Amino acid sequence: MNNKIRLRFAPSPTGFLHIGSLRTVLFSYLIAKKLNGKFILRIEDTDQKREVKGAIKGLIKILNWVNIKFDEGPILISQKKIKDIQNSKFKIQNYLGEYGPYIQSERLDIYKINLEKLLKTKKVYHCFCTPERLQKIREEQQSKKLPSRYDKKCRNLSEEEIRQKIKAGEKFVIRQKMPLQGEVIVYDELRGEIKFKAKDLEDHVLIKSNGIPTYQFANVVDDHLMEISHVTRADEWISSFPKNILLYQSFGWKIPKFIHFPVVLNKEGGKLSKRQGDVSVEDFKEKGYLPEALINFCVLMGWHLKKSKIKNQNVNLDEEIFSMKELIKLIEIKDMRTSSSIFDIEKLNWMNGYYIRKMNLNKLTEMCVPYLIKNKLIK
Ligand code: GLU
């Protein structure tokens, strides 16, 4: 194993695993394993309002079901096992790996220490603007058809003013200073250079008024401390990319490689949402789709096997049918697409049929039983 290669999946526990997220975690896992590295699960639960009870457990279970294995991260231990461990001389360990805790709400002390460091760099500032004031400027900007941006009112407060306000008990957030002019140029492994104009970047919040960090802060601190070598995530995060890079630079930290995977859309080109039918992996599992079919289907949303490879590797593969093991061998970052992919249920149905027909009859019968009972076809 190459200890320098470390990739992670960092879901927020907001419910079920979306099929688009399955594609993200799958690509990340395949790259990690292809490069002989480690794969880490980190739970990003700093937005407690969005958290759904039981979602962490559900996530771990469903990822297990699709056969995506983590080398580090939170693990589930049965109640019985906890008792056994308590009764033995071993200590209870809910994490696998040395970089824990792997759940962000358990890392608040770590964020505090790193915020102290960051405040010294003067690349961030205290902002005392009230939610009412922010709302007012947002409305004004909207009425003028301007993008809603914080107007940087608190960016130049003096040390003394800040001290006074804190002393007076005024609530504050910490914002990141964006450059006032020029461009920020970042590098994505799939897309190459991406340029952002400074005027389009907002001095966004890194630490909320309750002291809890936002994604932008916690994600960078954790990726650094967990020594993530490749940050792989969905391309909805591209707008955060320049802010993240600037934060690495403010801390003086090495910048990992970044890969943003293209979005998965519905047939009409819109967002793939629950309204159009099943979108969660749990729904598909419930309906009898096989994990092998879901994995094989997902990988083709954004990657394909180059024809030349089929010859070179001397593999006699149907060009679209791949097992996880084959995928680990064949996947290459450069063969991934940057354009969006379309979720095609007919293709998934075809693929599921293929895997069902290939299945050993005894195993298939065994797997069918719960469905037959549920539909009252047998007792
Ligand atoms: N918590 C973010 C999400 O669930 C993770 C994005 C990332 O991988 O950095 O979308």
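Note that the structure is predicted; figures quoted are calculated from it, not measured. Both counts, for ligands and for their atoms, begin at 1 and track the order of listing.
Taken to the nearest 0.5 Å, the CD1 atom of I295 stands 11.5 Å off from the CG atom of L290.
Against a heavy-atom cut-off of under 4.0 Å, P11 is close to the following atoms of ligand 1: 4 (O). Interface atoms of ligand 1 facing E44, defined by a heavy-atom separation under 4.0 Å, are 1 (N), 2 (C), 5 (C).
Of the heavy atoms in T24, none comes closer than 4.0 Å to ligand 1.
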Test log, rule side chain to side chain contact (heavy atoms under 4.5 Å, CB included), inputs R138 and L134 | CA-CA 6 Å; R138 212 171 297 133; L134 296 176; 3.9 Å; yes
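In this structure, F241 has its ring center under 6.0 Å from that of H260. Ring centroids of F297 and F343 are separated by less than 6.0 Å, placing the two rings close together.
Closest heavy-atom approach to atom 6 (C) of ligand 1 among the candidates F258, F9, W237: W237.
For R8, the closest heavy-atom approach to ligand 1 falls below 4.0 Å.
The shortest contact between atom 5 (C) of ligand 1 and any protein heavy atom is with A10 O, 3.0 Å.
Heavy atoms of other residues, nucleotides or ligands lying less than 6.0 angstrom from CD of E159 number 12 at most.
The distance criterion of under 3.5 Å between nitrogen or oxygen atoms is met by Y215 with respect to ligand 1.
Shown are K167, E160, E161; of these, the side chain to side chain donor-acceptor pair (under 3.5 Å) with Q164 is made only by E160.
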